[in-house]
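Here is the structure we will look at, set down as structure tokens.
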Amino acid sequence: MMVINRQLIYTTSFILSTFFSYGQVSQTKLSDRPITLDSTVRFGKLDNGFTYYLKNNDDPQGEVIMKMIVKAGRFHEDEDQSEYAHLLEHVAVRDVEKYSDLITMLTLQGIDHRAHTSRLSTSYYLFIPNSSKEKLQLGLNVLEQWAGGIRIDSSHLDMHQGSILGELRPTDAYSNWLYNKEGDIILRNTSFPSKDINESIEAVKNINIKRLKDFYHDWYRPDLQAAIVVGSFNLDSLENIIQNKFSKLTKPSEIRNPSQAIKKFEYQLTGENQYESINDTLNTNWRLDIFSKRTNYEFRFRSVKDIYFGILQNLYESIITKRKTEYERQYEPSFSRYSTRYYTNGLASSQISIGLMSVELDQKSASIEDKIFEAVKADVIMHSNFTQQDLQEAKDRLKSTMVISSPSSKELSREYENHFVYQNAAPSDSVRKKLANLVEKISLSELQKFANERRNLLENTDFIFINVPKIYIPKDYKIEKVIKKAYDIPIAKYRSPSKKIYSIKSVVDKNIIPKMNIVKNSVNVTTVTFGNNIKVLLKPTKPQSLNFKNRIEVLGFQPIRFNGNSELYNKNLLAHNYSSIAGTDWHTHFQIEEFLRDHNMQMNFGTDQENFLIEGNFERKNIHNFFNLFIQYIKSPNNDVHAFKYWKKTMKERFSPYQIKGGTGFFKDKIEKIWNPKHLSFDEKTINELSQKDMLHTFKQHFSNFDEYTFIVTGDFQSLELIEEIAPYLSGLPVSGGREGEKIKKWSKRLERRSDTLRYKGIDQSFSEIYFPVKIDPTIKNQIILDLVNNAFHERLVKVLRLDCYAPGAGGQWIKLNDSLYTFQINFSSTLGNEGSMFANSMKEIEKLKTIGVDDDWLASHIKYASIRFSSRINSFGYFNFWPQFLKSRLEDRSDYEEYILEYPGIIENFISLKDVNDAIDNYIVKDNLQNFLVLPE
């Protein structure tokens with residue numbers, strides 16, 4: 001669903017009254033007058049020019065958002081200061097005059113901190129979930145330091161330099177290359193400057209500390225700064241503190257004019273089309289990417305007229321997105337990718353709305369124009385014949401996202417930031433309510449006219465052919481002729497290729513009263529064992545916000561077994577994966593995908609190192625839809641040759657050299673295969689040789705025996721009520737006796753010292769994964785001590801690794817509790833050739849940690865933080881849900897989870913000494929079984 005920027009619905013009541021009395025809003029009556037700021041916002045500007053916005057808001061209760069905004073970003077840099085705005089942001093987050101370790105201090109206080117540099121501004125952010133007078137005072141002190149107390153120390157610049165260079169290295173080299181290659185073409189005729197990544201890299205490698213200080217001196221000044229505080233606090237008291245603190249900031253004697261930076265931000269659309277070609281050595285398929293460039297009316301909204309066009313654009317995008325999603329629900333659509341918001345339209349800071357239509361071309365010159373014609377014709381159909389129903393559904397979707405009144409503190413803080421930087425509107429709650437009526441005033445004819453103008457590919461459109469030999473690329477006039485031909489033919493009425501489904505047919509007898517044994521323990525986990533020996537664990541917890549009210553999560557797992565037949569083993573693993581794509585005898589994959597999305601449900605069939613997995617989440621009211629669909633999947637897969645071909649195509653793409661290689665996940669399978677030779681292993685050849693008949697036969701066999709399955713159900717519910725509803729489904733799952741073969745054990749070769757090099761196409765940097773496995777007695781006290789050691793290990797190693805990497809990782813985890821096997825680990829990316837130096841620095845830091853250990857203050861603060869965090873995790877859930885994976889791992893390890901939950905608070909608060917932690921650091925962080933995996937380009 002396309003969501004309108006919530007700020008688009010704001011205006012003032014005196015302006016609205018001028019046109020709300022008429023049936024249809026006429027564009028000529030829309031006011032261009034700037035909208036005034038909400039009068040309930042405590043807004044002020046000090047004598048030195050410093051601005052502040054203060055707003056009482058209790059949604060969510062007890063939370064406070066604090067921001068310090070500087071109207072200085074990348075466009076304020078001189079030619080010899082490339083990337084210095086970004087560099088200064090990194091310096092500020094860590095190095096301020098008043099606090100020696102700002103990040104650790106904020107973390108231990110439970111205060112989240114973030115920062116971001118854009119083209120015209122830099123924002124610093126504090127989120128205080130449980131505010132208090134002391135935390136508010138601390139937050140204001142930090143904002144004051146960010147405004148005028150940043151410490152630029154040459155001895156610290158190495159860390160920030162390496163961090164920036166690490167961030168400039170793309171996580172996915174191929175996707176980044178294509179985005180930049182096409183982005184340079186897209187911006188070429190807009191006057192908006194594109195970024196020269198090589199220039200940025202060289203500037204950061206050769207930092208001039210004087211010029212960095214110049215940037216700070218020139219632009220971090222009170223007349224370009226604002227403090228924003230939204231949440232629960234005393235307005236008068238806070239305003240007095242801000243006035244006293246920030247009035248002490250002084251402006252430099254010579255003030256630079258930011259007009260040049262603002263001028264860089266301007267863009268133009270000339271109406272000119274561009275026709276280009278590029279070569280792609282990884283994805284060698286012939287294709288055409290068509291980019292349409294239009295004004296983005298959702299970027300700047302200062303007046304009622306701005307808001308009107310923003311709403312009109314949102315309604316248009318809502319209908320087009322719905323239609324393109326429906327259109328793509330077929331196995332061979334006329335286009336492979338389609339979006340009204342290409343990469344969220346970030347190329348020109350979201351001022352230009354960029355649409356993408358990607359057309360796959362046969363490697364035949366004769367068919368190119370036909371392929372373009374079919375794609376444009378499909379585009380025309382999607383843009384034409386809007387109906388009153390389309391419009392009303394779009395209006396309903398838009399109104400459901402509108403904040404009519406009482407927006408959250410986070411949303412309000414974003415409004416005030418955009419008001420300060422871009423002079424956008426930020427009105428009162430009463431105005432929001434009135435403006436909601438504006439949506440209903442937009443007519444079908446107005447929206448259709450807007451759509452007709454947006455879809456015109458004869459202007460402001462870029463055609464980029466990829467891998468097509470230039471002699472085969474049609475001339476510009478021929479492409480225009482093809483487009484005009486598609487525009488001139490009678491327009492067919494739009495129809496969705498797949499029939500929408502509204503409910504899932506019941507496939508079980510819900511009146512069955514199965515035999516079951518129910519046991520509830522002291523940590524409120526209810527265990528149900530059905531007559532077929534399937535176990536279900538239910539653990540209800542409180543939702544952290546209304547977004548998670550009545551949400552339920554299901555995690556089912558069954559041990560993977562190997563009976564010596566490698567071919568059958570691989571087929572079973574593939575059959576399990578096939579479930580999500582196959583569809584059922586009642587519904588296609590695309591229909592089910594739409595149903596899940598419309599009902600805010602998820603269902604997935606996958607594997608981990610040891611288990612087949614069935615995962616899902618849904619709202620309480622959809623419980624029967626979820627379980628009926630689950631039963632349909634496993635009992636009646638759709639025997640559709642097109643679905644099977646589609647599945648094979650998606651599976652083979654996993655082995656392509658242009659597969660996404662972001663983060664570290666892309667090479668985990670190879671490491672898993674080294675640790676466990678029986679880990680899931682198949683290649684493109686295996687997929688090609690698999691027939692649909694083989695797949696369906698294996699599928700039916702695989703899902704004919706649910707022996708050893710355990711289901712963990714967590715979320716917002718009452719256990720006994722839920723048991724009655726899910727019992728008919730789970731108690732009826734087929735169980736045909738014991739399953740043959742040995743259980744697959746993850747990480748079975750973890751105590752072997754080794755060093756391996758893995759190679760991949762499509763990367764231009766190195767990745768390192770380093771493990772330190774060790775045997776440790778898994779007593780509850782040791783588990784708690786290791787959590788604390790893990791924190792110390794993480795803090796120390798991440799600091800040294802950030803010298804060369806933007807987002808390194810470090811920490812520890814249990815491999816197997818019942819095998820007494822634990823591992824510390826480090827992961828980082830690096831420029832090619834520098835990984836050896838980073839490895840050596842890591843080893844040195846580990847020795848320092850083992851020698852020095854931690855002190856009493858560190859331990860006291862981390863015990864307090866761990867105790868609060870533990871209580872929060874076990875008693876509530878939100879985007880993170882503690883219980884499913886915790887219960888799963890404890891059941892797999894046959895560990896007493898009840899004892900762990902009950903004893904944790906007492907042990908951590910009363911029985912952990914400094915000697916315990918430092919002895920563990922010295923004894924458990926060992927290199928005896930070091931495993932070093934290095935990932936390099938092929």
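What you see below is based on every heavy atom in this structure, not just the backbone, and it leaves out hydrogens, waters and symmetry mates.
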Decide side chain to side chain contact (heavy atoms under 4.5 Å, CB included) for Leu797 and Ser842; before the verdict, give the C-alpha distance in whole Å, the side-chain angles of both, and the deciding distance to 0.1 Å.
CA-CA 6 Å; Leu797 269 298; Ser842 300; 3.8 Å; yes
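- In this structure a side-chain-to-backbone donor-acceptor pair under 3.5 Å is present from Asp608 to Asn611.
- Nearest approach of Leu120 to Phe75, heavy atoms of both residues: CD2-CB, 4.3 Å.
- Side chains of Ser766 and Leu934 form a contact here, defined as non-hydrogen atoms less than 4.5 Å apart.
- Using a 4.0 Å cut-off between a side-chain N of Lys or Arg and a carboxylate O of Asp or Glu, Glu689 and Lys685 qualify as a salt bridge.
- Looking only at atom types and distance, the side chain of Asp804 has a donor-acceptor partner in the side chain of Asn834 under 3.5 Å away.
- With sequence neighbours left out, Arg119 forms a salt bridge (charged side-chain N to carboxylate O under 4.0 Å, His left out) with no residue at all.
- We find the CG-OH distance between Asn296 and Tyr267 to be 8.0 Å, quoted to the nearest 0.5 Å.
- Distance alone, capped at 3.5 Å, places no donor-acceptor pair between the Lys761 side chain and the Tyr658 backbone.
- Within the 3.5 Å criterion, the main-chain N or O of Arg454 finds a donor-acceptor partner in the side chain of Arg294.
- With a 6.0 Å radius and a threshold of 12 heavy atoms from other residues, nucleotides or ligands, Gln268 has its CD atom above the threshold.
- The CZ atom of Phe605 lies 5.0 Å from the OG atom of Ser579; values are rounded to the nearest 0.5 Å.
- By the 4.5 Å heavy-atom criterion applied to side chains, Leu361 and Asn467 are not counted as neighbours.
- The side-chain contact (heavy atoms from CB on, under 4.5 Å) test applied to Glu593 returns His589, Phe590, Arg597, not counting sequence neighbours.
- A donor-acceptor pair under 3.5 Å is absent between the side-chain atoms of Glu360 and the main chain of Ser336, judged by distance alone.
- Judged by distance alone, with hydrogens and angles left aside, the side-chain atoms of Gln274 form a donor-acceptor pair with the main-chain N or O of Ile185 at under 3.5 Å.
- Distance CD/Glu795 to CG/Leu849: 10.0 Å, rounded to 0.5 Å.
- For Asp476, the side-chain contact (heavy atoms from CB on, under 4.5 Å) partners two or more places apart in sequence, or in a different chain, are Tyr275.
- Distance check: Ile209 CD1 to Leu157 CG gives 4.5 Å after rounding to the nearest 0.5 Å.
- What you find for Ser350 and Phe299 is that their closest heavy atoms are O-CB, 3.5 Å.
- A ring-ring contact (aromatic ring centres under 6.0 Å, His included) with Tyr179 is found for exactly one of Tyr174, Tyr343, Phe291, namely Tyr343.
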Please assess Leu936 against Leu832 for the test side chain to side chain contact (heavy atoms under 4.5 Å, CB included), listing each intermediate value before the final yes or no.
CA-CA 8 Å; Leu936 294 173; Leu832 292 173; 4.1 Å; yes
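- When each of Gln825, Glu769, Arg750 is tested with Gln931 by the rule side chain to side chain contact (heavy atoms under 4.5 Å, CB included), just one qualifies, namely Arg750.
- The line from CG of Leu187 to CD of Glu182 is 12.0 Å long, rounded to the nearest 0.5 Å.
- The two atoms that bring Asn345 and Ile352 nearest to each other are CB-O, 3.4 Å, heavy atoms only.
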Walk me through it: do Trp675 and Phe933 pass the test ring pair (Phe, Tyr, Trp, His ring centres under 6.0 Å)?
CA-CA 11 Å; Trp675 285 332; Phe933 300 98; 5.8 Å; yes
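- Of the inter-residue distances, the one linking Phe767 atom CZ with Ser829 atom OG reads 6.0 Å to the nearest 0.5 angstrom.
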List the steps, then state whether side chain to side chain contact (heavy atoms under 4.5 Å, CB included) holds for Arg341 with Glu298.
CA-CA 12 Å; Arg341 296 194 176 193; Glu298 290 194 5; 2.7 Å; yes
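- Between the Glu77 side chain and the Ala85 main chain, a donor and an acceptor come within less than 3.5 Å of each other.
- Every ring pair (Phe, Tyr, Trp, His ring centres under 6.0 Å) that Tyr124 has, sequence neighbours left out, goes to Trp146.
- By the 6.0 Å contact criterion, NZ on Lys649 is open, its count of non-hydrogen atoms from other residues, nucleotides or ligands being 12 or less.
- Side-chain atoms of Ser163 and Arg802 include a donor-acceptor pair closer than 3.5 Å.
- Between Tyr806 and His90, the ring planes lie tilted relative to each other; the angle falls in the 30° to 60° range.
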Please test Arg753 against Leu930 for side chain to side chain contact (heavy atoms under 4.5 Å, CB included), starting from the C-alpha separation and ending with a verdict.
CA-CA 5 Å; Arg753 187 178 180 91; Leu930 185 146; 3.8 Å; yes
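- For the pair Arg287 and Asp280, the salt-bridge criterion is met [side-chain N within less than 4.0 Å of a carboxylate O].
- Side-chain atoms of Thr823 come within 3.5 Å of backbone atoms of Phe772 as a donor-acceptor pair (strictly under, hydrogens ignored).
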Just do the side-chain hydrogen bond (donor to acceptor under 3.5 Å, both in side chains) check on Glu89 and Thr122 with the steps written out, would you?
CA-CA 7 Å; Glu89 171 222 310; Thr122 304; over 6 Å; no
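- Salt bridge annotation for Lys799-Glu845: absent, with no cationic side-chain nitrogen under 4.0 angstrom from a carboxylate oxygen.
- The side-chain contact (heavy atoms from CB on, under 4.5 Å) search around Ser200 returns Ser82, Glu83, Leu168, Lys195, not counting sequence neighbours.
- Taking both residues in full, the closest heavy atoms of Ile186 and Asn189 are given as O-OD1, 3.7 Å, listed atom of the first, atom of the second, then distance.
- By the ring pair (Phe, Tyr, Trp, His ring centres under 6.0 Å) test, His76 is found to be paired with Trp219, residues two or more places apart in sequence or in another chain being considered.
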Please evaluate residues Tyr84 and Phe215 with respect to the criterion ring pair (Phe, Tyr, Trp, His ring centres under 6.0 Å), reporting the C-alpha separation (whole Å), side-chain torsions for both, the decisive distance (0.1 Å), and the verdict.
CA-CA 7 Å; Tyr84 279 25; Phe215 185 91; 7.7 Å; no
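- Two residues are said to be in side-chain contact when any heavy atoms from C-beta on lie closer than 4.5 Å; Asn929 and Tyr771 fail this criterion.
- Listed for the His576 side chain is a donor-acceptor partner under 3.5 Å among the backbone atoms of Gly606.
- Closest heavy-atom contact between Gln351 and Phe192: NE2-CE1, 3.5 Å.
- For Lys670 and Tyr760, the positive end sits near the middle of the six-membered ring, less than 6.0 Å away and at most 45° from its axis.
- Using a 4.0 Å cut-off between charged side-chain N and carboxylate O, Arg188 and Asp462 make no salt bridge.
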Run the ring pair (Phe, Tyr, Trp, His ring centres under 6.0 Å) test on Tyr338 and Tyr327 for me, step by step, so that the C-alpha distance in whole Å, both residues' side-chain angles and the decisive distance to 0.1 Å come before the verdict.
CA-CA 10 Å; Tyr338 192 103; Tyr327 187 84; 8.4 Å; no
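- No donor-acceptor pair under 3.5 Å is formed between the side chain of Asp289 and the backbone N or O of Ile464.
- Of all heavy-atom pairs between Met651 and Ile687, the closest is CB-CD1, 4.2 Å.
- The shortest side-chain heavy-atom distance between Phe335 and Asp379 does not fall under the 4.5 Å cut-off.
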